[in-house]
Enquirer: 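Encoded as structure tokens, here's the structure I'll be asking about.
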Amino acid sequence: MLLVTLPDGLDDDRAAALAEDVAAAVAGGAAGGVIIDVGAAEILDSLSARVLADTAACVKLMAADTVIAGIRPAVAITMVDLGLNLPGLRTALTVEDAFASLGPAGEAPVGPVRAVAGFPEAPS
């Protein structure tokens, strides 16, 4: 499993690095499931929304499961206002709920959990 924390105040360079690192981890077989934690984001600007949608779409194209976790009410409202369409993408209130939804029969996930290089892990 790959745990990705979408940082607040994402810039173009970090956005590109995040997308590349996630795609490389999935393509290399290091992750069959990806959790994108947006809980650190107080707001979601158009760049972060695009990165979120594009990264989730890329992971889906490479046959890995994605769950977006930690969406705050203000972020959800912004996503709707921006017209962000994520059909078929699973969401979870917390990272723990996301792990449960990706694990076998709702159990804890099997295998290592790691963060994308250069990006912080979600708080435990």
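Remember, predicted model here, so these are calculated numbers, not experimental data.
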Enquirer: Can you name the closest pair of heavy atoms from Val26 and Ala64 and give their distance?
Expert: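 Heavy-atom minimum between the residues: CG1-CB, 3.7 Å.
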
Enquirer: In Å, rounded to the nearest 0.5 Å, how long is the span from CG of Asp65 to CZ of Arg90?
Expert: 5.0 Å

Enquirer: How many angstroms lie between CG in Asp37 and CD1 in Ile68, if you round to the nearest 0.5 Å?
Expert: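 Here the rounded value is 10.5 Å.
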
Enquirer: So which heavy atom on Val75 is nearest to which on Glu42, and how close?
Expert: CG2-O, 3.9 Å

Enquirer: Hydrophobic cluster membership, with links at side-chain heavy-atom distances under 4.5 Å among I/L/V/M/F/W/Y: are Val38 and Leu47 in one?
Expert: yes

Enquirer: Return the minimal non-hydrogen interatomic distance between Val67 and Ala98, and the atom names on each side.
Expert: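 Minimum heavy-atom contact is CG1-CB, 3.6 Å.
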
Enquirer: Locate the shortest heavy-atom distance separating Ala40 from Thr5; write the atom from each residue and the value.
Expert: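 Answer, listing the atom of Ala40 first, then Thr5: CB-CG2, 4.2 Å.
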
Enquirer: Is it possible for you to say whether Val51 and Leu82 belong to one hydrophobic cluster, with membership spreading through side-chain heavy-atom contacts below 4.5 Å?
Expert: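 In one cluster: no.
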
Enquirer: Return the CG to OG distance between Leu18 and Ser48, rounded to the nearest 0.5 Å.
Expert: 9.5 Å

Enquirer: Which value, rounded to the nearest 0.5 Å, describes the distance between Ile36 atom CD1 and Leu89 atom CG?
Expert: 7.0 Å

Enquirer: Does a donor on one side chain sit under 3.5 Å from an acceptor on the other, for Asp81 and Thr78?
Expert: no

Enquirer: Nearest 0.5 angstrom please: Arg50 CZ to Asp45 CG, how far?
Expert: 10.0 Å

Enquirer: Show the nearest heavy-atom pair for residues Thr94 and Ala69, with the distance to one decimal.
Expert: O-CB, 3.7 Å

Enquirer: Given side chains that start at C-beta, do those of Leu2 and Val59 come closer than 4.5 Å, heavy atoms only?
Expert: no

Enquirer: Check the pair Thr55 / Val34 against side chain to side chain contact (heavy atoms under 4.5 Å, CB included), numbers first and verdict last.
Expert: CA-CA 10 Å; Thr55 302; Val34 177; 5.8 Å; no

